[in-house]
Structure formats: C-alpha cells, structure tokens
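Report on the structure given below.
Predicted model only: the values in this text are computed from it and were never measured.
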Amino acid sequence: MKRLSTVAAAAALIVGVLGLTASAQRGPAFTTLFDGKNLDAFNKVGDANWTIVDGAVQADKGMGGYLVTKQPYGDFEIRAEFWVDTPANSGIFIRCANPQMPGGDTCYEVNIYDTRPDPAYATGAIVNVAKVATPIKAAGKWNTYEIRAQGSHMVVTLNGVKTVDVEDGKHARGPFALQYGAGVVKFRSVQVRPLG
C-alpha cells in the first residue's frame, strides 16, 4: 500500500511539473485591447472618422488616421481581425518610434492594401522590409492577422497562411497602430500578448 501511494505521489509531481512547464512555454495570456465596446487602450491620431458599429471600430473618411496603443511593446504577438473593401489602404504598424506620427519610416508596416501599385508589398507584406510570400486578397471578408515580433525576428500570418518570416533590427520597441488610409476599414477583436 505504501508503495502505491509513493507511485501516485510521484505521478502527481510529474504531471504538476509538466503542467507548469507547458504553462511557462505558452507565456502570459492574450490581453484584449479592443472588444467592440470602447477604445480606452488607444489614442486617436489624424482625422479618420473612427466609430464603433456592431462590435467593430471602423473608418471610411478622413485624410488618414491611426488608433495607437497607449502602451509600448517590444517582443509580442498580436491577433487582430479586420475587414476592408477593395480600394482600402490600411495596415497594422508595429514598434512605432514616434506614436504621434506613425509611418513607414518610424514603424514596421504590416500592410493591408490589396490594390497597392507594387504588389510585392501588398496585403501580408511588411512594407520595404519583407515582400509577401503568398499573396492573399483580403477585401470583402473578415480576416485574421497574427503578428509575432521577437528580437529582430518577425513572422506574419494571414488567415493561417504565413506571408512573412524575416529578420530586421531597425525598430525594437514602441506602440502599435491600426491605420485608416482609404476606403472602408474595420477592426475587431484586437489582442496582444507580451513575449519573453
């Protein structure tokens, strides 16, 4: 009987250690920054007419604008759902050095722009850093971006398809921003998880 309880205790210890190891590998949980109700985690920059409609934040007018996170991030994963029309120009700008003026020079731009004149940097690409490996048209449907940045390594996945896997060390840390450039742009379920 004593031997059985020793075996059971050893088994319980192993299961506990394995559970802690798996939990540590997953890291912290995702934090929802936009849940369809408010924009408390973001600052508005520019003149886009961002409004919340049916659980999504959307814009369809303005010379351009951004929803910039109030917190900076270094190593992270982002999950965000977006919907755009065909002429839309949008993106998710990450590690922005100047949160008051996000742009391609001060951030990495994970593009959402199906009709970009240079299709190499269209939807799924990181503009001027990594051309899109698998072009995907995003217009007219809900899509999911997963963006992982750890050190200089960045991976972009669109609807489960890896579109970018690149090393680049220009920008190490900063807020991220949801962009309105043209057309109709909607975002919902925007989440982030720090890494490291």
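Between Lys44 atom NZ and Leu67 atom CG the span is 7.0 Å, to the nearest 0.5 Å. The distance from the CG atom of Leu39 to the OG1 atom of Thr51 is 9.5 Å, given to the nearest 0.5 Å. For the atom pair CG (Leu158) and OH (Tyr145), the distance works out to 5.5 Å, reported to the nearest 0.5 Å. In this structure, Lys70 NZ and Asn43 CG are separated by 5.5 Å, a value rounded to the nearest 0.5 Å. For the atom pair Ile94 CD1 and Tyr73 OH, the distance stands at 13.0 Å (nearest 0.5 Å). Glu109 CD to Tyr121 OH: the interatomic distance, rounded to the nearest 0.5 Å, is 11.5 Å.
For Asp75 (side chain) and Pro194 (main-chain N/O), no donor-acceptor pair under 3.5 Å exists by modelled atom type. At distances below 3.5 Å, not a single donor-acceptor pair connects side-chain atoms of Lys37 with backbone N or O atoms of Ile52.
Among residues two or more places apart in sequence or in another chain, the side chain to side chain donor-acceptor pair (under 3.5 Å) test is passed with Asn89 by none.
Between Pro102 and Val45 there is a side-chain heavy-atom pair separated by less than 4.5 Å. Ile126 is listed as a side-chain neighbour of Val110, based on a closest heavy-atom distance under 4.5 Å. Within the 4.5 Å cutoff, side-chain heavy atoms of Arg116 are placed close to those of Val127. Residues Phe76 and Arg193 form no side-chain contact, since every pair of their non-hydrogen atoms from C-beta on lies 4.5 Å or further apart. Counting heavy atoms from C-beta outward, Thr86 and Asp114 have side chains that stay 4.5 Å or more apart.
More than 12 heavy atoms of other residues, nucleotides or ligands lie within 6.0 Å of CG in Asn38, so this atom counts as buried by the packing criterion. Other residues, nucleotides and ligands contribute more than 12 heavy atoms inside 6.0 Å of the CG atom of Asp47.
For residues 154-168, the side chain to side chain donor-acceptor pair (under 3.5 Å) pairs, not counting sequence neighbours, are Tyr108-Asp168, Asn143-Asn159, Ser152-Glu167, His153-Asp165, Lys162-Asp165, Asp168-Lys170.
Pairing each heavy atom of Lys141 with each of Lys137, the nearest pair is NZ-O, 3.2 Å. Minimum heavy-atom separation, Val68 to Pro99: CG2-O, 3.7 Å. Smallest separation of non-hydrogen atoms from Arg95 and Gly151: NH1-O, 2.8 Å. Heavy atoms only, all atoms of each residue included: Ala122 and Tyr113 are closest at CB-O, 3.4 Å. Taking all atoms of both residues into account, the shortest heavy-atom contact from Ala41 to Leu33 is CB-O, 3.7 Å. The nearest pair of heavy atoms linking Ala80 to Ile92 is CB-CD1, 3.9 Å.
Note on Trp142 and Val84: separate hydrophobic clusters, where clusters join Ile, Leu, Val, Met, Phe, Trp and Tyr whose side-chain heavy atoms are under 4.5 Å apart, directly or indirectly. The cluster map of Ile, Leu, Val, Met, Phe, Trp and Tyr, joined by side-chain heavy atoms under 4.5 Å apart, puts Val161 and Val164 in the same cluster. Clustering ILVMFWY residues whenever any of their side-chain heavy atoms sit less than 4.5 angstrom apart, transitively, puts Ile78 in a cluster other than the one holding Val132. Both Val166 and Ile112 are assigned to one and the same hydrophobic cluster, defined by single-linkage of ILVMFWY side chains at heavy-atom distances under 4.5 Å.
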Please list every donor-acceptor pair under 3.5 Å in which a side-chain atom of residues 172-191 meets a protein atom from a residue at least two apart or in another chain.
from: Gln179; atom 1: OE1; to: Gly91; atom 2: N; distance (Å): 3.3
from: Tyr180; atom 1: OH; to: Asp60; atom 2: O; distance (Å): 3.3
from: Tyr180; atom 1: OH; to: Gly183; atom 2: O; distance (Å): 3.1
from: Arg188; atom 1: NE; to: Glu81; atom 2: OE1; distance (Å): 2.5
from: Arg188; atom 1: NH2; to: Glu81; atom 2: OE1; distance (Å): 3.2
from: Gln191; atom 1: OE1; to: Arg79; atom 2: NE; distance (Å): 3.2
from: Gln191; atom 1: OE1; to: Arg79; atom 2: NH2; distance (Å): 3.0
from: Gln191; atom 1: NE2; to: Thr32; atom 2: OG1; distance (Å): 3.2

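Close placement of the Tyr66 and Phe93 rings is indicated, their centers lying within 6.0 Å of each other.
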